[in-house]
Number of protein chains: 2
Amino acid sequence: MKRDSRLSSVLHALLHMAEHDGPMTSEALGLCLGTNPVVVRRTMGLLREAGLVAAARGHAGGWRISADLTTVSLRQLHEALGEPAIFAIGNRNETPDCLVEQAVNAALDHAFEEAEALLLERFAAVSLADLAVDFARRHAAWRAAQE
Amino acid sequence: MKRDSRLSSVLHALLHMAEHDGPMTSEALGLCLGTNPVVVRRTMGLLREAGLVAAARGHAGGWRISADLTTVSLRQLHEALGEPAIFAIGNRNETPDCLVEQAVNAALDHAFEEAEALLLERFAAVSLADLAVDFARRHAAWRAAQE
DNA sequence: CAATTTGAAACATATGAAGTTACATGAAAC
DNA sequence: GTTTCATGTAACTTCATATGTTTCAAATTG
């Protein structure tokens with residue numbers, strides 16, 4: 001199963017935007033992410049619809065963050081992306097007639113629901129500002145190591 | 001992304017086997033699961049390698065459980081299936097040079113590791129015997145509802 | 001008007017789970 | 001011992017879907 005890496009992508013893009021003065025074009029972001037500008041527009045477009053970023057066309061256009069970094073959590077970004085499926089494992093049949101399969105589904109669903117709740121709770125607890133701080137720490141450590 | 005439903009499948013198969021006297025053929029299990037006998041053999045073969053089931057060829061052959069239902073947990077089954085990837089969401093690049101992406105990966109990895117640990121813990125706490133009990137309960141309720 | 005940039009549709013590629021076909025191997029029945 | 005039944009396994013096809021690509025319209029700026 002191919003994994004959905006859009007959450008990772010938009011975080012990467014947003015932090016680059018946060019470190020950058022002025023708007024960044026899809027092409028510039030595509031270079032940072034190692035992907036195509038159209039893929040950037042497609043994914044960032046979902047964040048635009050959620051009001052997290054704004055896009056401007058034409059000369060000096062591009063993408064900029066239109067929200068407070070301290071208030072945007074990973075969970076909000078996950079939601080902005082349309083809450084894609086979290087698990088690569090699932091039930092064979094979600095609405096079985098077979099009582100055996102119903103018992104199996106109930107047990108698996110329960111475990112997955114707990115894990116999902118924990119994951120979303122952790123996502124909600126991390127903001128873009130937290131990531132920016134972590135990046136700054138790594139950057140300082142990297143600069144120190146260059147000496 | 002297409003979800004891996006093998007854990008769900010083998011649980012369904014194992015509970016039918018537990019309710020059934022004597023070995024069950026791949027064809028019979030395929031009918032229970034709504035799939036092809038070859039798919040059953042392919043998947044059950046992994047459980048055979050883990051020593052959880054045994055297969056006999058020829059007349060009166062088929063699959064039977066070769067372990068104590070109370071000692072086989074969902075986690076053991078997950079392991080027998082080769083510990084397939086749990087999440088449908090992941091990092092774009094697992095070993096990035098970019099410090100921004102490293103910070104992003106660290107945050108996501110941390111959240112996913114916690115959720116994975118919880119899920120596996122829950123899997124470890126549920127045995128086939130537990131599922132058999134739940135099935136029996138559902139079956140009794142169903143019979144009562146038929147009157 | 002010309003250059004730049006997003007928006008979006010349409011199509012191509014890649015990956016992996018699941019399904020299918022075909023046949024060899026082994027075990028029991030007769 | 002031959003027939004029948006069943007697993008073991010390889011090879012191929014199908015299907016879903018994330019990602020990538022091409023193309024062009026629309027909007028904005030110089």
Side-chain angles (χ1 to χ4, degrees), chain A residues 1-10 12-13 17 22-31 33-50 53-64 66 78 81-94, chain B residues 1-10 12-13 17 20 22-50 53-64 66 78 81-94:
Chain A
M1 178 179 283
K2 198 170 222 171
R3 283 173 146 178
D4 182 338
S5 61
R6 290 177 303 166
L7 181 57
S8 167
S9 289
V10 298
H12 190 176
M17 288 160 69
M24 288 184 75
T25 66
S26 301
E27 177 145 16
L29 288 172
L31 282 172
L33 304 189
T35 187
N36 192 295
V38 179
V39 174
V40 172
R41 283 199 280 276
R42 186 187 294 157
T43 312
M44 294 296 285
L46 297 171
L47 304 195
R48 174 172 42 81
E49 288 168 15
V53 299
R57 306 199 211 203
H59 283 272
W63 300 90
R64 64 181 177 77
S66 60
H78 174 66
L81 294 174
E83 305 193 51
I86 289 173
F87 296 106
I89 297 179
N91 294 328
R92 177 174 186 83
N93 177 352
E94 291 300 340
Chain B
M1 177 191 290
K2 199 170 221 170
R3 283 174 147 179
D4 181 339
S5 61
R6 290 177 303 165
L7 181 57
S8 167
S9 289
V10 298
H12 190 177
M17 288 160 69
H20 187 266
M24 287 185 75
T25 66
S26 301
E27 179 146 14
L29 288 172
L31 282 173
C32 289
L33 305 189
T35 186
N36 193 294
V38 179
V39 173
V40 172
R41 284 200 279 277
R42 186 189 292 156
T43 311
M44 294 295 286
L46 296 171
L47 303 194
R48 175 171 41 81
E49 288 169 15
V53 299
R57 306 200 211 201
H59 281 272
W63 300 90
R64 64 182 177 77
S66 60
H78 175 66
L81 294 174
E83 305 194 50
I86 290 172
F87 297 106
I89 297 179
N91 295 327
R92 177 174 187 82
N93 175 354
E94 290 300 341

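Just so it is clear, the structure is predicted and the values come from calculations on it, not from any experiment. A, B, ... follow the sequence lines: proteins, then strands. Residue 1 opens every chain.
Of all heavy-atom pairs between B:P23 and B:G62, the closest is CB-C, 3.9 Å. Minimum interatomic distance between B:E94 and A:R3 (heavy atoms only, all atoms of both residues): OE2-NH1, 4.1 Å. Between B:A85 and A:A88 the shortest heavy-atom distance is O-CB, 3.6 Å.
A donor-acceptor pair is defined here as one N or O able to donate and one able to accept, closer than 3.5 Å; such a pair exists between the side chain of B:S8 and the backbone of A:R92. B:D4 places a side-chain N or O within 3.5 Å of a backbone atom of B:R6 that can act as its donor or acceptor partner. With hydrogens and angles disregarded, a donor-acceptor distance shorter than 3.5 Å links the side chain of B:H20 to the backbone of B:G22.
Distances shown here put a side-chain N or O of B:S5 below 4.0 Å from the OP1 or OP2 atom of C:dA18. In this model, the phosphate group of C:dT6 is approached by a side-chain N or O of A:S26 to a distance below 4.0 Å at OP1 or OP2. An OP1 or OP2 oxygen of C:dG7 is reached within less than 4.0 angstrom by no side-chain nitrogen or oxygen of A:R41. The phosphate of D:dG20 (OP1 or OP2) has no side-chain N or O of A:R6 nearer than 4.0 angstrom. Here B:T35 reaches the OP1 or OP2 of C:dG19: one of its side-chain N or O atoms lies under 4.0 Å away.
Atom NE2 in A:H78 sits 5.0 Å away from atom CD in A:E83 (nearest 0.5 Å).
Each of A:N36 and B:P37 was matched to the nucleotide of DNA chain D holding its nearest heavy atom; the match closer to the 5' end belongs to B:P37. Between B:R92 and B:E49, the one whose closest nucleotide on DNA chain D sits nearer the 5' end is B:E49.
Comparing the helix axis at one end of the helix from C:dC1-D:dG30 to C:dC30-D:dG1 with that at the other, each defined from 5 consecutive pairs, gives an inter-axis angle of 0° (nearest 10°).
One interatomic measurement links the two molecules: CH2 of B:W63 to P of C:dA27, which rounds to 15 Å at whole-angstrom precision. What separates CE of B:M17 from P of D:dT7 is a distance of 10 Å, to the nearest Å. Taking atom CD1 of residue B:I89 and atom C1' of nucleotide D:dT19, one finds them 16 Å apart after rounding to whole Å. C:dT6 atom C1' lies 16 Å from atom CE of A:M24, rounded to whole Å. Summarising the geometry, the separation between CD1 on B:I86 and C1' on C:dA17 is reported as 17 Å, rounded to the nearest angstrom. Put simply, CG on B:L29 is 16 Å from C1' on D:dC5, counting in whole angstrom units. Rounded to an integer number of Å, the gap from A:E27 CD to C:dT6 P is 9 Å. B:D4 has its CG atom 10 Å from the C1' atom of C:dG16, to the nearest Å.
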Less than 3.5 Å apart, which donor and acceptor atoms pair up between the side chains of residues 26-50 of chain B and the rest of the protein, not counting sequence neighbours?
residue : atom : partner : partner atom : Å
B:S26   : OG   : B:W63   : NE1          : 2.9
B:N36   : OD1  : B:V38   : N            : 2.9
B:T43   : OG1  : B:V39   : O            : 2.9

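Side-chain N/O atoms of B:R42 and base N/O atoms of D:dT7 include no donor-acceptor pair closer than 3.5 Å.
Of the listed nucleotides (C:dA22, D:dG20, D:dT22), D:dG20 has the atom at the smallest distance from the side chain of A:V39.
Proximity of residues 55-62 of chain A to DNA chain D (heavy atom under 4.0 angstrom from any strand atom) is restricted to A:R57, A:G58, A:H59.
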